[in-house]
Undergrad: 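Following this message is one structure expressed as structure tokens.
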Amino acid sequence: MNIIIFGPPGAGKGTQSKYLVKKISGFQISTGDLLREEIKKDSEIGKMIINDMNDGKFVSDEIVDRLIKKFIFDPQKKNKLIFDGYPRSLSQAKNLDLLLNNTNQKIDLIFFLNVDKDIIVKRIEKRKIIEKRSDDELNTTLARYDTYMKTTSPVLDFYSKSSNFHEIDGNLEIEEITRKIDSFINV
Ligand code: AMP
């Protein structure tokens, strides 16, 4: 079973992905984590993306597509993929379809965690204290939210027609969101 968790920054994608990793013995693919890892390593990619990441802008499709490829082609992870924060543009969504087709896989479930802006701001302020992420400043948070709203609506249109698409109220408490997600998973 391959799953996409979709939603704005601070929607709880990471938290719910971690739950799903346990639930389906899956593998979380967080493009945000992969990109932060590149910055930490000070790699070529890291150097190219650091400014955009800190400004709350999206990293180019080409870089993100390159980073996720190895997970999709890994036979051990086949049909156990949990996409957290990917795809975030129509081009990424089409690329993902293509890569999954090439490996005889498909997306089985798409969860859209829909959250109000004021709740996101509160959550990210809290996360800033706990995780100390450099892109969790208030201005960056708002920029990330605006980027998300602008860039991801075509992705939402792309997936919302699918019978596997489920919108979940991301304003709810974590456990309640998990319970709703759980109700769509039969393992
Ligand atoms: P996240 O950890 O998912 O909130 O992502 C943090 C930041 O990483 C985003 O604000 C973007 O700058 C970048 N990022 C993560 N995933 C993607 C993606 N799929 N496409 C483009 N940029 C991304």
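Each residue takes its place number in the sequence, starting with 1. In each ligand, atom 1 is the first atom listed, and ligand 1 is the first ligand listed.
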Undergrad: If you look only at pairs with a residue in residues 24-58, which of them pass as a ring pair (Phe, Tyr, Trp, His ring centres under 6.0 Å), with sequence neighbours excluded?
TA: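 Of all non-adjacent pairs touching residues 24-58, none passes ring pair (Phe, Tyr, Trp, His ring centres under 6.0 Å).
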Undergrad: Look at atom 5 (O) of ligand 1 and find which of R88, Q92, M53 reaches it with the closest heavy atom.
TA: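 The residue whose heavy atom sits nearest atom 5 (O) of ligand 1 is R88.
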Undergrad: Do D65 and N95 meet the criterion of a side-chain donor-acceptor pair at a distance under 3.5 Å?
TA: yes
Undergrad: Whether the N164 and Y159 side chains hold a donor-acceptor pair (N or O, under 3.5 Å, no angle test) is what I'd like checked.
TA: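 No, no side-chain donor-acceptor contact under 3.5 Å.
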Undergrad: Considering only heavy atoms of V59, which atoms of ligand 1 have at least one such atom less than 4.0 Å away?
TA: 21 (C), 22 (N)
Undergrad: From the options K70, K77, Q76, select the one residue that forms a side-chain hydrogen bond (donor to acceptor under 3.5 Å, both in side chains) with D74.
TA: K77
Undergrad: Would you call the rings of F111 and F184 parallel, tilted or perpendicular, where under 30° means parallel and over 60° means perpendicular?
TA: tilted
Undergrad: Quick check on contacts: which atoms of ligand 1 are under 4.0 angstrom from a heavy atom of K57?
TA: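 Taking each heavy atom of K57 in turn, ligand 1 has 11 (C), 12 (O) under 4.0 Å.
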Undergrad: Tell me the protein heavy atom at minimum distance from atom 4 (O) of ligand 1, and give that distance in Å.
TA: R144 NH2, 3.0 Å
Undergrad: Just jot down the ligand 1 atoms closer than 4.0 angstrom to any heavy atom of T31, in number order.
TA: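 What qualifies from ligand 1 is 15 (C), 16 (N), 17 (C), 18 (C), 19 (N).
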Undergrad: Following the transitive rule for hydrophobic clusters with a side-chain heavy-atom cut-off under 4.5 Å over Ile, Leu, Val, Met, Phe, Trp and Tyr, establish whether I82 and I68 coincide in one cluster.
TA: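 No, I82 does not connect to I68 through the hydrophobic network.
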Undergrad: Run the numbers for me: atoms of ligand 1, each under 4.0 Å from some heavy atom of L35, listed by number.
TA: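 It comes down to these atoms of ligand 1: 8 (O), 13 (C), 14 (N), 15 (C), 23 (C).
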Undergrad: Hey, which atoms in ligand 1 end up nearer than 4.0 Å to a heavy atom of G85?
TA: 16 (N), 17 (C), 18 (C), 19 (N)
